[in-house]
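Chain letters run A, B, ... following the sequence lines, proteins first, then strands; residues in each count from 1.
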2 protein chains.
Amino acid sequence: MADRTDGVSRRAQIIDVAARLFEQHGYHETTMEMLAQEVGVKKASLYYYFSNKDLILVDIHEEMIDHLLEQARLRDSAGSPVDRLRGIIADLVGLMELFPGRLRIFFEHYRELPTDQQKAIQVKRDEYHGVLVAALRDGVAAGRFDVADVELTALAVLGMCNWTYQWLRPGGALSAAQVADHFMELLLSGIGSPQTLRTEVSGGALG
Amino acid sequence: MADRTDGVSRRAQIIDVAARLFEQHGYHETTMEMLAQEVGVKKASLYYYFSNKDLILVDIHEEMIDHLLEQARLRDSAGSPVDRLRGIIADLVGLMELFPGRLRIFFEHYRELPTDQQKAIQVKRDEYHGVLVAALRDGVAAGRFDVADVELTALAVLGMCNWTYQWLRPGGALSAAQVADHFMELLLSGIGSPQTLRTEVSGGALG
DNA sequence: GTAAGCCTACCAACTGGCCGGTAGACCAGC
DNA sequence: GCTGGTCTACCGGCCAGTTGGTAGGCTTAC
(Lines give C-alpha, C1' and ligand atoms only; values in the text may rest on other atoms or scores of the structure.)
Protein backbone atom coordinates (compact mmCIF):
# COMPACT_ATOMS: atom_id res chain seq x y z
CA MET A 1 0.00 0.00 0.00
CA ALA A 2 2.60 2.49 1.12
CA ASP A 3 4.85 3.75 -1.62
CA ARG A 4 8.48 3.14 -1.17
CA THR A 5 10.61 6.17 -1.77
CA ASP A 6 14.27 6.72 -1.25
CA GLY A 7 15.25 8.46 1.94
CA VAL A 8 16.09 11.80 0.45
CA SER A 9 12.80 12.47 -1.24
CA ARG A 10 10.78 11.16 1.69
CA ARG A 11 12.60 13.56 3.93
CA ALA A 12 11.93 16.41 1.56
CA GLN A 13 8.32 15.32 1.35
CA ILE A 14 7.97 15.45 5.12
CA ILE A 15 9.34 18.99 5.17
CA ASP A 16 7.02 19.99 2.37
CA VAL A 17 3.94 18.58 4.02
CA ALA A 18 4.97 19.91 7.41
CA ALA A 19 5.42 23.40 6.01
CA ARG A 20 1.95 23.25 4.52
CA LEU A 21 0.39 22.02 7.74
CA PHE A 22 2.31 24.48 9.92
CA GLU A 23 1.14 27.26 7.63
CA GLN A 24 -2.47 26.10 7.75
CA HIS A 25 -2.84 25.20 11.38
CA GLY A 26 0.20 26.64 13.08
CA TYR A 27 3.13 24.74 14.50
CA HIS A 28 1.61 23.61 17.75
CA GLU A 29 -1.77 22.72 16.35
CA THR A 30 -0.07 20.41 13.88
CA THR A 31 0.50 17.07 15.55
CA MET A 32 3.00 14.49 14.44
CA GLU A 33 0.01 12.21 13.91
CA MET A 34 -1.52 14.64 11.40
CA LEU A 35 1.79 15.03 9.67
CA ALA A 36 2.30 11.28 9.42
CA GLN A 37 -1.19 10.76 8.06
CA GLU A 38 -0.73 13.45 5.43
CA VAL A 39 2.62 12.03 4.38
CA GLY A 40 1.06 8.58 4.21
CA VAL A 41 3.19 7.01 6.89
CA LYS A 42 2.84 6.06 10.53
CA LYS A 43 3.89 8.50 13.16
CA ALA A 44 6.83 6.50 14.43
CA SER A 45 8.34 6.53 10.96
CA LEU A 46 8.73 10.27 11.09
CA TYR A 47 11.20 9.77 13.90
CA TYR A 48 13.36 7.81 11.54
CA TYR A 49 13.98 11.06 9.64
CA PHE A 50 13.74 13.67 12.38
CA SER A 51 14.66 12.90 15.92
CA ASN A 52 12.12 15.43 17.15
CA LYS A 53 9.49 17.84 16.00
CA ASP A 54 11.58 20.95 16.47
CA LEU A 55 14.13 19.79 13.94
CA ILE A 56 11.54 19.92 11.19
CA LEU A 57 10.95 23.55 12.04
CA VAL A 58 14.68 24.18 12.05
CA ASP A 59 15.01 22.68 8.60
CA ILE A 60 12.29 24.89 7.20
CA HIS A 61 13.95 27.97 8.62
CA GLU A 62 17.39 27.08 7.35
CA GLU A 63 16.14 26.34 3.89
CA MET A 64 14.58 29.78 3.64
CA ILE A 65 17.32 31.91 5.11
CA ASP A 66 20.05 30.09 3.23
CA HIS A 67 18.28 30.64 -0.03
CA LEU A 68 17.78 34.30 0.77
CA LEU A 69 21.39 34.80 1.74
CA GLU A 70 22.62 33.10 -1.37
CA GLN A 71 20.61 35.51 -3.48
CA ALA A 72 21.80 38.42 -1.39
CA ARG A 73 25.45 37.56 -1.81
CA LEU A 74 25.00 37.60 -5.56
CA ARG A 75 23.29 40.97 -5.45
CA ASP A 76 25.86 42.36 -3.09
CA SER A 77 28.86 42.26 -5.34
CA ALA A 78 27.69 43.61 -8.65
CA GLY A 79 25.51 46.32 -10.12
CA SER A 80 24.58 49.86 -9.17
CA PRO A 81 23.14 50.57 -5.72
CA VAL A 82 19.78 51.21 -7.34
CA ASP A 83 19.83 47.83 -9.04
CA ARG A 84 21.00 46.12 -5.89
CA LEU A 85 18.13 47.64 -3.96
CA ARG A 86 15.72 46.70 -6.69
CA GLY A 87 17.04 43.17 -6.57
CA ILE A 88 16.72 42.86 -2.82
CA ILE A 89 13.12 44.05 -2.92
CA ALA A 90 12.35 41.65 -5.74
CA ASP A 91 13.95 38.80 -3.81
CA LEU A 92 12.06 39.54 -0.61
CA VAL A 93 8.68 39.94 -2.22
CA GLY A 94 9.45 37.00 -4.48
CA LEU A 95 9.68 34.71 -1.47
CA MET A 96 5.90 34.63 -1.40
CA GLU A 97 5.93 32.86 -4.75
CA LEU A 98 9.04 30.81 -4.18
CA PHE A 99 8.09 29.47 -0.78
CA PRO A 100 4.34 29.68 -0.61
CA GLY A 101 3.21 28.80 2.86
CA ARG A 102 6.64 28.87 4.43
CA LEU A 103 6.99 32.58 5.01
CA ARG A 104 4.48 32.70 7.82
CA ILE A 105 6.39 29.95 9.54
CA PHE A 106 9.61 31.81 9.04
CA PHE A 107 8.30 34.98 10.61
CA GLU A 108 5.91 33.70 13.21
CA HIS A 109 7.52 30.55 14.51
CA TYR A 110 11.04 31.80 14.83
CA ARG A 111 10.71 32.04 18.56
CA GLU A 112 9.73 28.43 18.90
CA LEU A 113 13.06 27.25 17.59
CA PRO A 114 15.52 25.79 20.08
CA THR A 115 17.73 28.56 21.43
CA ASP A 116 20.86 27.49 19.60
CA GLN A 117 19.23 27.42 16.22
CA GLN A 118 17.52 30.70 16.97
CA LYS A 119 20.90 32.32 17.36
CA ALA A 120 22.23 30.72 14.21
CA ILE A 121 19.30 31.99 12.18
CA GLN A 122 19.60 35.42 13.76
CA VAL A 123 23.18 35.71 12.61
CA LYS A 124 22.11 35.04 9.06
CA ARG A 125 19.22 37.48 9.34
CA ASP A 126 21.65 40.13 10.53
CA GLU A 127 23.88 39.41 7.60
CA TYR A 128 20.95 39.93 5.27
CA HIS A 129 20.10 43.18 6.96
CA GLY A 130 23.70 44.23 6.41
CA VAL A 131 23.45 43.63 2.68
CA LEU A 132 20.45 45.93 2.48
CA VAL A 133 22.10 48.61 4.57
CA ALA A 134 25.22 48.42 2.40
CA ALA A 135 23.21 48.95 -0.76
CA LEU A 136 21.59 52.03 0.74
CA ARG A 137 24.86 53.39 2.07
CA ASP A 138 26.63 52.91 -1.25
CA GLY A 139 23.72 54.59 -2.96
CA VAL A 140 24.03 57.59 -0.72
CA ALA A 141 27.76 57.77 -1.32
CA ALA A 142 27.20 57.62 -5.07
CA GLY A 143 24.66 60.42 -4.95
CA ARG A 144 21.86 58.05 -5.91
CA PHE A 145 19.87 58.08 -2.70
CA ASP A 146 18.88 60.80 -0.26
CA VAL A 147 18.53 59.01 3.04
CA ALA A 148 18.50 60.60 6.47
CA ASP A 149 18.90 57.39 8.47
CA VAL A 150 20.15 54.36 6.61
CA GLU A 151 19.35 51.82 9.33
CA LEU A 152 15.84 53.08 9.80
CA THR A 153 15.23 53.16 6.08
CA ALA A 154 16.42 49.58 5.81
CA LEU A 155 13.91 48.58 8.47
CA ALA A 156 11.17 50.40 6.60
CA VAL A 157 12.05 48.51 3.41
CA LEU A 158 12.13 45.21 5.24
CA GLY A 159 8.76 45.95 6.79
CA MET A 160 7.17 46.89 3.52
CA CYS A 161 8.46 43.77 1.80
CA ASN A 162 8.17 41.22 4.58
CA TRP A 163 4.64 42.27 5.41
CA THR A 164 3.53 40.95 2.04
CA TYR A 165 3.33 37.52 3.65
CA GLN A 166 0.18 38.81 5.31
CA TRP A 167 -1.72 39.58 2.15
CA LEU A 168 0.07 38.60 -1.06
CA ARG A 169 -1.12 35.29 -2.46
CA PRO A 170 0.43 33.47 -5.41
CA GLY A 171 -2.05 33.41 -8.24
CA GLY A 172 -3.78 36.52 -6.97
CA ALA A 173 -4.45 39.73 -8.83
CA LEU A 174 -0.88 40.96 -8.51
CA SER A 175 2.31 39.05 -9.13
CA ALA A 176 5.25 39.38 -6.78
CA ALA A 177 7.20 41.11 -9.53
CA GLN A 178 4.50 43.73 -9.98
CA VAL A 179 4.37 44.39 -6.27
CA ALA A 180 8.15 44.66 -6.10
CA ASP A 181 8.18 47.14 -8.98
CA HIS A 182 5.55 49.23 -7.31
CA PHE A 183 7.39 49.20 -4.01
CA MET A 184 10.62 50.26 -5.70
CA GLU A 185 8.89 53.13 -7.45
CA LEU A 186 7.19 54.14 -4.21
CA LEU A 187 10.46 54.02 -2.36
CA LEU A 188 12.36 56.08 -4.89
CA SER A 189 9.76 58.75 -5.61
CA GLY A 190 7.59 58.88 -2.53
CA ILE A 191 3.95 59.81 -2.72
CA GLY A 192 4.11 63.54 -2.05
CA SER A 193 2.99 65.76 -4.94
CA PRO A 194 5.30 68.67 -5.77
CA GLN A 195 2.91 70.96 -3.93
CA THR A 196 3.03 68.80 -0.80
CA LEU A 197 6.79 68.47 -0.89
CA ARG A 198 7.21 72.24 -1.00
CA THR A 199 4.99 72.88 1.98
CA GLU A 200 5.57 69.82 4.13
CA VAL A 201 9.13 68.74 3.76
CA SER A 202 11.31 71.76 3.17
CA GLY A 203 9.59 73.70 5.91
CA GLY A 204 8.49 70.66 7.86
CA ALA A 205 9.06 69.47 11.37
CA LEU A 206 11.87 67.14 10.51
CA GLY A 207 15.25 68.18 11.88
CA MET B 1 -1.88 35.59 52.03
CA ALA B 2 -3.80 36.18 48.85
CA ASP B 3 -4.81 39.77 48.31
CA ARG B 4 -8.44 40.44 47.84
CA THR B 5 -9.14 42.58 44.83
CA ASP B 6 -12.39 43.58 43.29
CA GLY B 7 -13.37 41.59 40.25
CA VAL B 8 -12.63 44.23 37.68
CA SER B 9 -9.02 44.81 38.56
CA ARG B 10 -8.26 41.12 39.02
CA ARG B 11 -9.65 40.51 35.59
CA ALA B 12 -7.52 43.28 34.14
CA GLN B 13 -4.54 41.89 35.98
CA ILE B 14 -5.04 38.48 34.44
CA ILE B 15 -5.12 40.01 30.97
CA ASP B 16 -2.00 42.00 31.70
CA VAL B 17 -0.04 39.07 32.97
CA ALA B 18 -1.36 36.83 30.22
CA ALA B 19 -0.29 39.32 27.56
CA ARG B 20 3.19 39.41 29.04
CA LEU B 21 3.48 35.64 29.17
CA PHE B 22 2.01 35.14 25.71
CA GLU B 23 4.50 37.65 24.40
CA GLN B 24 7.41 35.97 26.16
CA HIS B 25 6.63 32.32 25.60
CA GLY B 26 3.91 32.29 22.97
CA TYR B 27 0.29 31.41 23.45
CA HIS B 28 0.56 27.65 23.49
CA GLU B 29 3.66 27.49 25.60
CA THR B 30 1.90 29.53 28.25
CA THR B 31 -0.14 27.20 30.44
CA MET B 32 -3.00 28.20 32.65
CA GLU B 33 -0.88 26.93 35.49
CA MET B 34 1.90 29.39 34.67
CA LEU B 35 -0.58 32.18 34.30
CA ALA B 36 -2.20 31.40 37.64
CA GLN B 37 1.12 31.25 39.41
CA GLU B 38 2.20 34.58 37.96
CA VAL B 39 -1.07 36.21 38.93
CA GLY B 40 -0.75 34.74 42.40
CA VAL B 41 -3.88 32.65 42.27
CA LYS B 42 -4.74 29.01 41.77
CA LYS B 43 -5.52 27.77 38.30
CA ALA B 44 -9.17 27.04 38.97
CA SER B 45 -9.71 30.64 39.92
CA LEU B 46 -8.83 31.80 36.44
CA TYR B 47 -11.93 30.01 35.24
CA TYR B 48 -14.00 32.22 37.47
CA TYR B 49 -13.03 35.13 35.21
CA PHE B 50 -12.58 33.45 31.83
CA SER B 51 -14.52 30.38 30.89
CA ASN B 52 -11.65 29.23 28.72
CA LYS B 53 -8.16 30.09 27.62
CA ASP B 54 -9.14 31.37 24.20
CA LEU B 55 -11.25 34.12 25.68
CA ILE B 56 -8.21 35.72 27.24
CA LEU B 57 -6.66 35.90 23.81
CA VAL B 58 -9.87 37.34 22.42
CA ASP B 59 -9.88 40.06 25.05
CA ILE B 60 -6.35 41.09 24.24
CA HIS B 61 -7.18 41.35 20.57
CA GLU B 62 -10.33 43.33 21.10
CA GLU B 63 -8.67 45.80 23.41
CA MET B 64 -6.06 46.56 20.79
CA ILE B 65 -8.20 46.82 17.70
CA ASP B 66 -10.89 48.81 19.45
CA HIS B 67 -8.35 51.32 20.63
CA LEU B 68 -6.88 51.59 17.15
CA LEU B 69 -10.26 52.06 15.54
CA GLU B 70 -11.27 54.69 18.01
CA GLN B 71 -8.17 56.68 17.13
CA ALA B 72 -8.77 56.10 13.45
CA ARG B 73 -12.33 57.41 13.57
CA LEU B 74 -11.08 60.61 15.11
CA ARG B 75 -8.43 61.02 12.43
CA ASP B 76 -10.86 60.17 9.71
CA SER B 77 -13.17 63.11 10.03
CA ALA B 78 -10.91 66.12 10.38
CA GLY B 79 -7.73 67.57 8.97
CA SER B 80 -5.94 67.51 5.66
CA PRO B 81 -5.13 64.19 3.98
CA VAL B 82 -1.48 64.75 4.80
CA ASP B 83 -2.24 65.23 8.46
CA ARG B 84 -4.55 62.25 8.51
CA LEU B 85 -1.85 60.07 7.02
CA ARG B 86 0.66 61.44 9.47
CA GLY B 87 -1.74 60.66 12.28
CA ILE B 88 -2.36 57.12 11.16
CA ILE B 89 1.34 56.40 10.93
CA ALA B 90 1.93 57.91 14.35
CA ASP B 91 -0.90 55.82 15.79
CA LEU B 92 0.37 52.59 14.29
CA VAL B 93 3.97 53.05 15.30
CA GLY B 94 2.79 54.39 18.66
CA LEU B 95 1.19 51.06 19.46
CA MET B 96 4.62 49.75 20.34
CA GLU B 97 4.78 52.18 23.21
CA LEU B 98 1.14 52.03 24.15
CA PHE B 99 0.82 48.27 24.22
CA PRO B 100 4.31 46.95 24.79
CA GLY B 101 4.28 43.21 24.47
CA ARG B 102 0.80 42.95 23.05
CA LEU B 103 1.54 43.72 19.42
CA ARG B 104 3.24 40.44 18.76
CA ILE B 105 0.21 38.66 20.10
CA PHE B 106 -2.03 40.76 17.93
CA PHE B 107 -0.15 39.92 14.77
CA GLU B 108 1.05 36.40 15.41
CA HIS B 109 -1.75 34.79 17.35
CA TYR B 110 -4.64 36.07 15.34
CA ARG B 111 -5.11 32.69 13.71
CA GLU B 112 -5.45 30.95 17.02
CA LEU B 113 -8.61 32.83 17.86
CA PRO B 114 -11.89 30.97 17.61
CA THR B 115 -13.31 31.36 14.12
CA ASP B 116 -16.13 33.67 15.11
CA GLN B 117 -13.90 36.13 16.89
CA GLN B 118 -11.43 35.92 14.05
CA LYS B 119 -14.09 37.20 11.71
CA ALA B 120 -15.15 39.94 14.08
CA ILE B 121 -11.58 41.18 14.41
CA GLN B 122 -11.06 40.94 10.66
CA VAL B 123 -14.03 43.22 10.06
CA LYS B 124 -12.47 45.82 12.29
CA ARG B 125 -9.09 45.40 10.64
CA ASP B 126 -10.72 45.96 7.28
CA GLU B 127 -12.35 49.08 8.58
CA TYR B 128 -8.98 50.34 9.68
CA HIS B 129 -7.53 49.58 6.30
CA GLY B 130 -10.38 51.56 4.78
CA VAL B 131 -9.52 54.62 6.83
CA LEU B 132 -5.96 54.54 5.53
CA VAL B 133 -7.09 54.05 1.95
CA ALA B 134 -9.53 56.94 2.27
CA ALA B 135 -6.81 59.28 3.48
CA LEU B 136 -4.66 58.36 0.51
CA ARG B 137 -7.53 58.65 -1.96
CA ASP B 138 -8.58 62.04 -0.62
CA GLY B 139 -4.98 63.18 -0.81
CA VAL B 140 -4.78 62.19 -4.46
CA ALA B 141 -8.05 63.99 -5.19
CA ALA B 142 -6.74 67.10 -3.46
CA GLY B 143 -3.51 67.03 -5.45
CA ARG B 144 -1.51 66.27 -2.35
CA PHE B 145 -0.38 62.74 -3.20
CA ASP B 146 0.87 61.10 -6.36
CA VAL B 147 -0.09 57.47 -5.96
CA ALA B 148 -0.31 54.89 -8.72
CA ASP B 149 -2.15 52.23 -6.73
CA VAL B 150 -3.87 53.35 -3.56
CA GLU B 151 -4.56 49.89 -2.19
CA LEU B 152 -1.02 48.70 -2.70
CA THR B 153 0.39 51.86 -1.20
CA ALA B 154 -1.80 51.37 1.84
CA LEU B 155 -0.40 47.88 2.26
CA ALA B 156 3.11 49.24 1.96
CA VAL B 157 2.40 51.77 4.69
CA LEU B 158 0.86 49.14 6.92
CA GLY B 159 3.85 46.89 6.38
CA MET B 160 6.34 49.59 7.17
CA CYS B 161 4.52 50.58 10.35
CA ASN B 162 3.36 47.21 11.61
CA TRP B 163 6.75 45.64 11.12
CA THR B 164 8.10 47.89 13.86
CA TYR B 165 6.81 45.32 16.34
CA GLN B 166 9.75 43.21 15.24
CA TRP B 167 12.45 45.66 16.21
CA LEU B 168 11.19 48.79 17.94
CA ARG B 169 11.51 48.61 21.71
CA PRO B 170 10.15 51.19 24.15
CA GLY B 171 13.03 52.91 25.85
CA GLY B 172 15.36 52.18 22.95
CA ALA B 173 17.43 54.63 20.97
CA LEU B 174 14.48 55.88 18.95
CA SER B 175 11.06 56.88 20.20
CA ALA B 176 7.95 55.85 18.34
CA ALA B 177 7.31 59.48 17.45
CA GLN B 178 10.73 59.82 15.87
CA VAL B 179 10.26 56.67 13.86
CA ALA B 180 6.83 57.83 12.72
CA ASP B 181 8.26 61.17 11.61
CA HIS B 182 10.97 59.49 9.66
CA PHE B 183 8.54 57.13 8.00
CA MET B 184 6.29 60.01 7.02
CA GLU B 185 9.19 61.90 5.52
CA LEU B 186 10.36 58.76 3.72
CA LEU B 187 6.91 58.14 2.38
CA LEU B 188 6.39 61.66 1.11
CA SER B 189 9.80 62.28 -0.43
CA GLY B 190 11.16 58.86 -1.26
CA ILE B 191 14.85 58.13 -1.21
CA GLY B 192 15.75 58.76 -4.84
CA SER B 193 18.11 61.64 -5.46
CA PRO B 194 17.13 64.06 -8.25
CA GLN B 195 19.65 62.33 -10.48
CA THR B 196 18.17 58.92 -9.81
CA LEU B 197 14.62 60.10 -10.29
CA ARG B 198 15.46 61.49 -13.72
CA THR B 199 17.05 58.31 -14.97
CA GLU B 200 15.07 55.62 -13.19
CA VAL B 201 11.51 56.74 -12.89
CA SER B 202 10.57 58.89 -15.86
CA GLY B 203 12.22 56.51 -18.26
CA GLY B 204 11.85 53.46 -16.06
CA ALA B 205 10.25 50.09 -16.49
CA LEU B 206 7.01 50.95 -14.78
CA GLY B 207 4.04 50.98 -17.14
C1' DG C 1 22.70 -11.33 6.08
C1' DT C 2 22.22 -6.83 6.75
C1' DA C 3 20.53 -2.49 6.77
C1' DA C 4 17.22 0.98 5.42
C1' DG C 5 12.54 1.90 5.87
C1' DC C 6 8.53 1.31 8.08
C1' DC C 7 5.14 -0.44 11.46
C1' DT C 8 2.47 -2.01 15.87
C1' DA C 9 1.89 -1.11 20.33
C1' DC C 10 2.68 1.48 23.97
C1' DC C 11 3.56 5.18 27.53
C1' DA C 12 4.76 9.12 30.57
C1' DA C 13 3.69 13.56 30.97
C1' DC C 14 1.16 17.32 30.39
C1' DT C 15 -2.88 20.37 29.94
C1' DG C 16 -7.29 22.52 29.78
C1' DG C 17 -11.05 22.28 32.21
C1' DC C 18 -14.60 20.86 35.81
C1' DC C 19 -16.82 20.04 40.32
C1' DG C 20 -17.81 20.53 44.84
C1' DG C 21 -16.77 23.19 48.48
C1' DT C 22 -15.13 27.24 51.61
C1' DA C 23 -14.26 31.93 53.62
C1' DG C 24 -15.98 36.18 54.16
C1' DA C 25 -18.88 40.34 53.07
C1' DC C 26 -23.35 42.07 53.00
C1' DC C 27 -28.32 42.20 53.81
C1' DA C 28 -33.04 41.39 55.67
C1' DG C 29 -36.08 40.07 59.15
C1' DC C 30 -37.15 39.53 63.62
C1' DG D 1 -27.49 41.36 67.61
C1' DC D 2 -28.38 37.03 66.03
C1' DT D 3 -29.82 34.00 62.17
C1' DG D 4 -30.23 32.45 57.63
C1' DG D 5 -29.62 33.40 52.88
C1' DT D 6 -26.98 34.89 49.05
C1' DC D 7 -23.14 36.53 46.42
C1' DT D 8 -18.19 37.16 45.20
C1' DA D 9 -13.78 35.31 45.06
C1' DC D 10 -11.19 31.58 45.37
C1' DC D 11 -9.21 26.76 45.87
C1' DG D 12 -8.08 21.39 46.29
C1' DG D 13 -8.47 17.59 43.83
C1' DC D 14 -9.38 15.31 39.99
C1' DC D 15 -9.72 13.67 35.10
C1' DA D 16 -10.24 12.83 30.11
C1' DG D 17 -7.90 13.51 26.29
C1' DT D 18 -3.92 14.49 23.76
C1' DT D 19 0.87 14.47 22.35
C1' DG D 20 5.68 13.79 21.58
C1' DG D 21 8.31 10.18 21.78
C1' DT D 22 10.11 5.07 22.28
C1' DA D 23 11.02 -0.07 22.05
C1' DG D 24 11.26 -3.58 19.31
C1' DG D 25 10.04 -6.30 15.38
C1' DC D 26 8.82 -7.19 10.42
C1' DT D 27 9.95 -6.71 5.38
C1' DT D 28 12.03 -5.71 1.19
C1' DA D 29 16.04 -4.78 -1.68
C1' DC D 30 20.52 -5.72 -2.63
*Under 4.0 Å between a side-chain N or O of Tyr48(A) and OP1 or OP2 of dC6(C)?*
no
*Residue-phosphate contact under 4.0 Å: Tyr47(A) side-chain N/O, dC6(C) OP1/OP2*: no
_Check: dG17(C) base within 3.5 Å donor-acceptor of Lys43(B) side chain_ = yes
*Once you round it to whole Å, what is the distance between P of dT15(C) and NE2 of His25(B)?*
12 Å
*How many Å lie between CD on Gln13(A) and C1' on dC6(C), as a whole number?*
13 Å
*Hey, is the side chain of Lys42(B) pairing donor to acceptor with the base of dG12(D) inside 3.5 Å?*
no
*Atom CE of Met32(B) and atom P of dC14(D): how far apart are they, to the nearest Å?*
21 Å
*Fit a plane to each ring of Tyr27(B) and Phe22(B), take the angle between them on a 0 to 90° scale, and name the class: parallel (under 30°), tilted (30 to 60°) or perpendicular (over 60°).*
perpendicular
*Taking OP1 and OP2 of dA4(C), is either one under 4.0 Å from a side-chain nitrogen or oxygen of Arg10(A)?*
no
*Verify the contact: side-chain N or O of Tyr49(B) to OP1 or OP2 of dC10(D), cut-off strictly under 4.0 Å; return yes or no.*
yes
*Where does the angle between the aromatic ring planes of His61(B) and Tyr110(B) fall among parallel (under 30°), tilted (30 to 60°) and perpendicular (over 60°)?*
tilted
_Rounded interatomic separation in angstrom, taking CD1 from Ile14(B) and P from dA9(D)_ = 11 Å
*How long is the line joining CG of Leu46(A) and P of dT19(D), in whole Å?*
14 Å
*Between dC7(C), dG21(D), dG17(C), which nucleotide gets closest to the side-chain atoms of Asn52(B)?*
dG17(C)
*Heavy atoms from other residues, nucleotides or ligands near CD of Gln37(A) exceed 12 (cutoff 6.0 Å)*: no
*Answer yes or no: is there an ion pair linking Asp59(A) with Arg11(A), defined by an N-O contact shorter than 4.0 Å?*
yes
_What contact category does Ser45(A) fall into here, base, sugar-phosphate, or nothing, at under 4.0 angstrom with non-hydrogen atoms?_
base
_Separation of atom CZ in Arg11(A) from atom C1' in dC6(C), rounded to whole Å_ = 17 Å
*Flag the pair Asp16(A) and Arg102(A) as a salt bridge only when some basic side-chain nitrogen lies within less than 4.0 angstrom of an acidic carboxylate oxygen.*
yes
